[in-house]
Novice: 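I'd like to ask some things about the structure below.
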Protein chains: 2
Amino acid sequence: ALETRALTKDYLMGKERVRALDAVDFSATQGDFVVINGPSGSGKSTMLNLLALIDRPTSGEVLFLGEPTGALSEGGLAQLRRDQIGLVFQTFNLIPVLSAFENVEYPLLLTRTSRAERRRRVGALLEVVGLADFARRRPDELSGGQRQRVAVARALVTQPRVVLADEPTANLDSATGRQIMGLLQGLNQNHCVTFVVVTHDPAVAEYAGRVLAIRDGRFDSGAEHVDP
Amino acid sequence: ALETRALTKDYLMGKERVRALDAVDFSATQGDFVVINGPSGSGKSTMLNLLALIDRPTSGEVLFLGEPTGALSEGGLAQLRRDQIGLVFQTFNLIPVLSAFENVEYPLLLTRTSRAERRRRVGALLEVVGLADFARRRPDELSGGQRQRVAVARALVTQPRVVLADEPTANLDSATGRQIMGLLQGLNQNHCVTFVVVTHDPAVAEYAGRVLAIRDGRFDSGAEHVDP
Ligand SMILES: Nc1ncnc2c1ncn2[C@@H]1O[C@H](COP(=O)(O)OP(=O)(O)OP(=O)(O)O)[C@@H](O)[C@H]1O
Ligand SMILES: Nc1ncnc2c1ncn2[C@@H]1O[C@H](COP(=O)(O)OP(=O)(O)OP(=O)(O)O)[C@@H](O)[C@H]1O
Ligand SMILES: [Mg+2]
Ligand SMILES: [Mg+2]
């Protein structure tokens, strides 16, 4: 479903070049549940942003469903992002002037989904992340963990084939975190949704089929382990 | 050092009243290390913001070093916040146009600290949170965990008597999280700094002298435990 070849990302700050990802080869087949962990600053969010097609590599390729994305136009990339990918950002990135309901609904406005169907899906997702009574609240009227759950719901509302989640439980207590992971696991096991989850939380890693360790922009090839 | 009496905070949204904290009695003596945990939305950040004097209660009192803060003017509150309190926000709240160095230095600009002393302190703190080489980076050039560590360094730079930290390790891998907690523990044990730390991370709770559980805006009186 997702593949990278020699994926490299450099940030340039004046004369200094920071190599955030260094020639990374990665692959996930449809229905995989991959967890990526590693130290702060090791390249996890950079990797996820490249997989999510919201950033472009310095060199190397990202292949989505077998197709090299480097060749796509902005419009082609936008369509993939809109229809196939759900992304939970490390800093949530909710729209401050919209309610929780409107934030979750937002990605559907770019698709051909009827208003009734949007309401049904948004309502169901707010329910399943425990925020049914919070639909009208704006982000500044929500706790940190409540905002995080709105971000998770938003990532799922277009029923994407691939969900990329950056620390989806960092601001959640363990019971709420388990509810969220149960939701993701259900989508993975019942609907074959592919997951790539960045996390420091060992409890999250237990849901994974594979765990990859990243350090200084490279995956530890010795560190992968697979649950059969 | 810190005390609350019948502390209550309501948020009003139109006709709806949300009681985020319900008549909370709390106290910490100088040198205490208190951890507060509890479910998402249970009132932890609300409690911390009231203790930090950046929000005012609906009813009840916050006493700082024995003095009721409700009677203080805005100027009096500002002085306490500036001189006595260090606060790590759940969402960091770094200033985007300033570098990491300038963000950490910022609270000192409101005090009578010489430029040389500011440079010494900021340099030492960036070093001890592992960001010595990142001084010139702006927040958008830092990873999530790097921003979190800048926020921690900033909370400590005025050498406050009381440090209030909202999820200070949520975005950190466990090794970096332990470094940060070691730093806080050192300040607590060697300099008698009082800590109130909100966290979901069980590893953080191990550094505490007391752990309090909060639920629906109230502390579980049965849940407190003390390490002698
Ligand atoms: N401005 C506001 N208006 C209305 N309700 C609010 C507002 N701010 C917070 N709340 C509500 O107050 C309750 C307590 O919020 P608080 O941020 O203290 O929770 P928390 O324990 O820190 O949660 P988390 O672990 O998710 O960070 C939550 O239910 C939240 O929705
Ligand atoms: N715009 C930028 N300019 C320069 N360097 C950057 C920029 N963005 C990120 N970096 C650097 O790239 C490296 C990788 O960052 P990334 O955000 O991918 O790390 P991460 O593994 O997600 O870390 P964390 O666990 O702290 O969230 C870090 O050292 C970071 O400082
Ligand atoms: Mg990150
Ligand atoms: Mg909070």
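Labels below follow one simple rule: chain letters A, B, ... track the order of the sequence lines, proteins then strands, and each chain is numbered from 1. Not measured: the values here are computed from a predicted model.
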Novice: Under 4.5 Å heavy-atom distance to chain A, tell me which part of B:Ser40 shows up: side chain, backbone, both or neither.
Specialist: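 Its backbone and side chain both get close to chain A.
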
Novice: More than 12 heavy atoms of other residues, nucleotides or ligands under 6.0 Å from CZ of A:Arg119: is that the case?
Specialist: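 It does not: A:Arg119 CZ has 12 such atoms or fewer within range.
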
Novice: Do other residues, nucleotides or ligands put more than 12 heavy atoms under 6.0 Å from B:Asp216 CG?
Specialist: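 No, CG of B:Asp216 has 12 or fewer neighbouring heavy atoms, counting only those of other groups under 6.0 Å.
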
Novice: Nearest 0.5 Å, please: how far is CG in B:Asp201 from CG in A:Asp173?
Specialist: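 If we round to the nearest 0.5 Å, A:Asp173:CG and B:Asp201:CG are 12.5 Å apart.
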
Novice: Tell me whether the count of non-hydrogen atoms from other residues, nucleotides or ligands lying under 6.0 Å of CZ in B:Arg82 goes above 12.
Specialist: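 Enclosed: over 12 neighbouring heavy atoms sit under 6.0 Å from CZ of B:Arg82.
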
Novice: State the CG-CD distance between A:Leu12 and B:Glu141, to the nearest 0.5 angstrom.
Specialist: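 So the gap between those two atoms works out to 10.5 Å.
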
Novice: Measuring heavy-atom distances to chain A, does B:Ser45 have an atom under 4.5 Å in its side chain, in its backbone, in both, or in neither?
Specialist: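 Answer is neither: B:Ser45 stays 4.5 Å or more from chain A.
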
Novice: Using only non-hydrogen atoms and a strict under-4.5 angstrom cutoff, which residues of residues 16-26 of chain B touch chain A?
Specialist: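 At a heavy-atom separation under 4.5 Å, chain A is reached by B:Glu16, B:Val18.
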
Novice: Mind checking which of residues 146-154 of chain B sit less than 4.5 Å from chain A, heavy atom to heavy atom?
Specialist: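 Hits under 4.5 Å: B:Gln146, B:Arg147, B:Arg149.
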
Novice: Should the heavy atoms of other residues, nucleotides or ligands under 6.0 Å from CZ of B:Arg56 be counted, would the total exceed 12?
Specialist: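 Yes, enclosed.
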
Novice: Rounded to the nearest 0.5 Å, how far apart are CG of A:Asn171 and CD of B:Glu167?
Specialist: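 The distance works out to 5.5 Å.
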
Novice: Pick whichever of A:Asp166, A:Leu172, A:Leu142 has the most heavy-atom pairs under 4.5 Å with chain B.
Specialist: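 If we count pairs closer than 4.5 Å to chain B, A:Leu172 comes out on top.
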
